[in-house]
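Computation of the quantities below employed the complete heavy-atom set of this structure, encompassing side-chain atoms and omitting hydrogens, waters and symmetry-equivalent molecules.
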Amino acid sequence: MRKLAPLLTILILFVAVTPAFATIYEFTPSQPDLFDLDHSKYYLWGINWTPVAGEEIVSINLAIDDINNWDDYNNILYIHLLERMRTGLAVRTDYQGGGDSIASWASNNHISDLLLDTYTDSDGGVGGDVIDYLYSFSASDIAYFNLFAADGNFGLGFDPDCHYWNSGVRFTIETRAIPEPASMVLFGTGPLGFFFRRRFA
């Protein structure tokens with residue numbers, strides 16, 4: 001058994017350091033800043049992308065660059081993940097001072113949705129510092145995303161109950177290749193051969 005220990009160590013180290021090649025998919029809406037997220041509107045952004053066979057999702061991030069709100073009244077931005085969305089950007093008017101129009105729209109249209117975040121600008125209005133907003137999907141969020149994106153059509157919904165200036169919205173999916181068992185056996189013969197050559201030389 002002690003003679004096998006070096007061999008097992010080599011194989012474990014080989015598996016641990018075998019690179020998983022990453023692919024980045026990045027999406028931006030046709031109007032990059034979503035018209036500065038006006039408080040009287042809500043925004044439905046449909047994206048066409050299907051999970052790729054042989055790849056697994058490592059991370060998903062939603063970024064809004066240089067976001068800053070109009071004032072501290074109804075200072076909240078609702079952000080949803082949506083299923084079965086038509087590709088492109090749709091802008092709807094809700095004239096509201098408060099409330100989540102995305103949830104109501106999804107329910108009325110029999111579309112499943114997941115509330116990802118309710119963002120609030122902490123500095124309280126005009127003249128404050130702009131920030132770069134970043135929402136990283138949790139493991140649970142990614143599980144929902146895989147369900148919603150299975151047919152190749154998913155989306156994001158934004159309902160600002162204040163006016164959120166920004167300089168651009170980006171949605172990024174990072175995947176990595178899933179190693180095939182046959183490939184692992186093939187690559188593993190290299191360390192095996194090296195070990196036996198040294199052992200019996």
Side-chain angles (χ1 to χ4, degrees), residues 1 3-34 43-67 79-89 106 111-117 119 131-158 166-199:
M1 184 65 186
K3 293 180 180 180
L4 289 176
L7 173 60
L8 292 174
T9 301
I10 289 171
L11 289 176
I12 290 168
L13 286 174
F14 176 77
V15 171
V17 301
T18 299
F21 298 101
T23 304
I24 305 293
Y25 302 91
E26 184 170 286
F27 307 89
T28 55
S30 55
Q31 178 64 32
D33 64 357
L34 295 178
Y43 303 84
L44 304 170
W45 176 23
I47 300 171
N48 178 251
W49 184 82
T50 305
V52 180
E55 295 182 2
E56 61 181 353
I57 294 174
V58 176
S59 66
I60 302 177
N61 292 293
L62 171 65
I64 306 176
D65 296 327
D66 303 323
I67 190 169
I79 303 173
H80 288 253
L81 178 67
L82 301 161
E83 69 160 356
R84 293 190 294 110
M85 292 291 292
R86 182 177 298 175
T87 304
L89 181 62
I111 289 176
S112 295
D113 77 293
L114 174 67
L115 177 62
L116 295 172
D117 198 13
Y119 169 73
I131 69 162
D132 291 330
Y133 168 85
L134 180 67
Y135 180 82
S136 296
F137 278 43
S138 67
S140 174
D141 294 337
I142 291 175
Y144 274 100
F145 174 83
N146 282 323
L147 289 174
F148 287 7
D151 65 351
N153 295 285
F154 69 95
L156 295 165
F158 303 83
N166 70 91
S167 59
V169 178
R170 289 173 288 111
F171 186 74
T172 306
I173 305 166
E174 180 181 358
T175 69
R176 66 183 171 199
I178 302 172
E180 297 181 9
S183 299
M184 294 303 296
V185 170
L186 178 64
F187 286 124
T189 58
L192 267 170
F194 176 76
F195 171 76
F196 282 114
R197 184 164 181 258
R198 286 184 55 100
R199 178 71 179 82

Positive for side-chain contact (heavy atoms from CB on, under 4.5 Å) with I131, one of D65, I67, D66: I67
Distance in Å, T172 OG1 paired with F27 CZ, rounded so as to fall on 0.5 Å steps: 8.5 Å
Closest non-hydrogen atom pair between G152 and T50, with its separation: CA-OG1, 3.1 Å
Close side-chain approach of F137 to L114, heavy-atom, < 4.5 Å: no
Side-chain touch V52/T175, heavy atoms, less than 4.5 angstrom: no
Heavy-atom closest contact (D33 atom, S167 atom, distance): CB-C, 4.4 Å
Closest approach of A149 to P51 (non-hydrogen atoms, all atoms of both residues): O-CD, 3.4 Å
Test log, rule side chain to side chain contact (heavy atoms under 4.5 Å, CB included), inputs W49 and F171: CA-CA 12 Å; W49 184 82; F171 186 74; over 6 Å; no
Under 3.5 Å side-chain donor-acceptor pair for Y133 and D117: yes
Separation between CZ of F154 and CZ of F145, rounded to the nearest 0.5 Å: 4.0 Å
Separation between CG of L82 and CG of N153, rounded to the nearest 0.5 Å: 12.0 Å
Between OG on residue S136 and CD1 on residue I142, distance to nearest 0.5 Å: 9.0 Å
Residue pair T28 / R170, side-chain heavy-atom distance below 4.5 Å: yes
Gap separating the CD1 atom of I60 from the CG atom of L81, nearest 0.5 angstrom: 8.0 Å
Minimum heavy-atom distance H80-L115, with the two atoms named: NE2-CD1, 3.5 Å
Nearest heavy-atom neighbours spanning L116 and Y135: O-OH, 3.3 Å
E174 CD to E55 CD distance, which is reported to the nearest 0.5 Å: 10.5 Å
Shortest non-hydrogen contact between P32 and S30, atoms and distance: CD-O, 3.4 Å
Flag, side chain of E83 to backbone of S112, donor-acceptor distance under 3.5 Å: yes
